[in-house]
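For reference, the structure discussed in these notes is given below.
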Number of protein chains: 2
Amino acid sequence: MGILEGRWKLLIIHHLLVRQPRRFSDLERAIPRVTQKMLIQQLRALEADGVVRRIVYPELPPHVEYELTEAGVALTPALNALHDWAADSCPGP
Amino acid sequence: MGILEGRWKLLIIHHLLVRQPRRFSDLERAIPRVTQKMLIQQLRALEADGVVRRIVYPELPPHVEYELTEAGVALTPALNALHDWAADSCPGP
DNA sequence: CAGTATCCAATTCGATACTG
DNA sequence: CAGTATCGAATTGGATACTG
């Protein structure tokens, strides 16, 4: 375990679950306060953990897409459960 | 969100779900590589987040127990889902 | 037993600038 | 567009010693 550590991984996976695939700049826009550095760092980590797949289209300008692997998609129930919990237990006005 | 960050929180909650309540030294033994400092630190954070309740028995020697609040118990489905996912997606030989 | 207190190393994170 | 490089600040984590 420990695969889901880091402030951004859950958010990244969440946004990939909402819409797939996503381009790098797409994710950048979807997650407002993340820096490029953190985004790429966490994406690489998720890739290394087998949760995210990186697809490069050798075009100009560069085109890279990210999508969830099967293992990544399999996180859906867990993320939903976490989301529900957060909605119930961390109510905001 | 971000309540579950930190290396130990999920472990602490897990052990509290397994058996409640737990004394401090209990948790210390249950989580081998945690230091006292980190354990108390994370427990305080969980307490502040309303996930864990701390109960002090004014005895000698001191006696303190920790248990999950309702919000903490409500994490059960999420933790189970994560556990299942880990079992499926991070297979070890 | 259930913590505190210190000190120090390692890691994380953000801002900024630059590149193919 | 999709990164890489570098720096420094902040946070986190561990070891150790001590206390009511």
Side-chain angles (χ1 to χ4, degrees), chain A residues 1-69 72, chain B residues 1-69 72:
Chain A
M1 296 214 219
I3 286 185
L4 299 180
E5 277 176 39
R7 269 232 284 302
W8 308 106
K9 291 186 181 175
L10 289 175
L11 271 172
I12 293 173
I13 294 170
H14 166 76
H15 283 290
L16 286 177
L17 279 174
V18 169
R19 184 153 42 84
Q20 259 191 106
R22 292 267 197 169
R23 302 184 60 157
F24 183 84
S25 47
D26 236 356
L27 288 169
E28 222 177 332
R29 245 169 287 110
I31 310 176
R33 298 174 311 278
V34 76
T35 59
Q36 286 190 324
K37 174 187 171 180
M38 291 316 300
L39 183 54
I40 192 65
Q41 191 177 103
Q42 305 286 293
L43 279 169
R44 301 273 198 230
L46 289 169
E47 199 189 347
D49 289 335
V51 174
V52 159
R53 186 168 19 243
R54 181 168 175 266
I55 301 159
V56 181
Y57 298 88
E59 302 171 356
L60 228 64
H63 183 170
V64 179
E65 289 185 346
Y66 294 90
E67 63 181 31
L68 296 170
T69 62
Chain B
M1 296 211 220
I3 286 185
L4 301 179
E5 276 176 39
R7 271 233 280 306
W8 308 107
K9 290 186 181 176
L10 288 175
L11 272 171
I12 292 173
I13 294 170
H14 167 76
H15 283 290
L16 286 177
L17 279 174
V18 169
R19 183 153 44 81
Q20 260 193 104
R22 292 267 198 171
R23 303 185 58 158
F24 183 84
S25 48
D26 236 358
L27 287 168
E28 223 177 331
R29 244 169 285 109
I31 309 175
R33 297 175 312 279
V34 78
T35 60
Q36 286 191 323
K37 174 186 171 179
M38 291 317 298
L39 184 51
I40 192 63
Q41 192 178 102
Q42 304 286 293
L43 279 170
R44 300 274 197 227
L46 289 169
E47 200 189 347
D49 288 335
V51 174
V52 158
R53 183 163 27 238
R54 181 169 176 265
I55 302 158
V56 182
Y57 299 89
E59 302 172 357
L60 226 67
H63 183 170
V64 179
E65 289 185 345
Y66 294 90
E67 62 180 32
L68 295 170
T69 62

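The basis for the numbers below is simple: all heavy atoms, side chains too, and nothing from hydrogens, waters or symmetry mates. All chains are named by letter (A, B, ...) in the order of the sequence lines, taking the proteins before the strands, and each is independently numbered beginning at 1.
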- Message: Nearest heavy atom decides the nucleotide; on that basis, is B:V34 or A:F24 closer to the 5' end of DNA chain D?
- Response: A:F24
- Just how far, in rounded Å, is P of C:dT12 from CG of A:L39? 16 Å
- Message: What contact category does B:R44 fall into here, base, sugar-phosphate, or nothing, at under 4.0 angstrom with non-hydrogen atoms?
- Response: sugar-phosphate
- Rounded to the nearest Å, what distance is computed from the CD atom of residue A:Q42 to the P atom of nucleotide C:dT12? 9 Å
- Starting at CD of B:Q36 and ending at C1' of C:dT6, how long is that distance when rounded to a whole Å? 14 Å
- Under a 4.0 Å N-O cut-off, is there an ion pair linking B:E65 with B:R23? no
- Message: For A:R22 versus A:A30, what's the shortest heavy-atom pair and its separation?
- Response: NH1-CB, 4.1 Å
- Query: B:Y57 near the nucleic acid: base, sugar-phosphate alone, or nothing, with a heavy-atom cut-off under 4.0 Å?
  - Reply: nothing
- Query: When the nearest nucleotide of DNA chain C is assigned to B:R23 and to B:K37 on a heavy-atom basis, which residue is associated with the more 5' position?
  - Reply: B:R23
- What is the pairing partner of D:dT16, taking Watson-Crick or G-U wobble pairs with both distances under 3.5 Å in any strand? C:dA5
- Item | A:R53 bridged to A:E67 by N-O distance under 4.0 Å | yes
- Of A:L27, A:I12, A:L39, the one forming a side-chain contact (heavy atoms from CB on, under 4.5 Å) with A:V34 is A:L39
- Message: Could you check whether any side-chain N or O of B:T35 sits under 3.5 Å from a backbone N or O of B:M38, counting only pairs where one atom can act as donor and the other as acceptor?
- Response: yes
- Message: At a heavy-atom distance below 4.0 Å, which nucleotide of DNA chain D is the first touched by chain B, and which is the last?
- Response: D:dG13 to D:dG20
- Note on the structure: Closest non-hydrogen atoms of B:W8 and B:R33, given as atom of the first, atom of the second and distance, are CH2-O, 3.8 Å
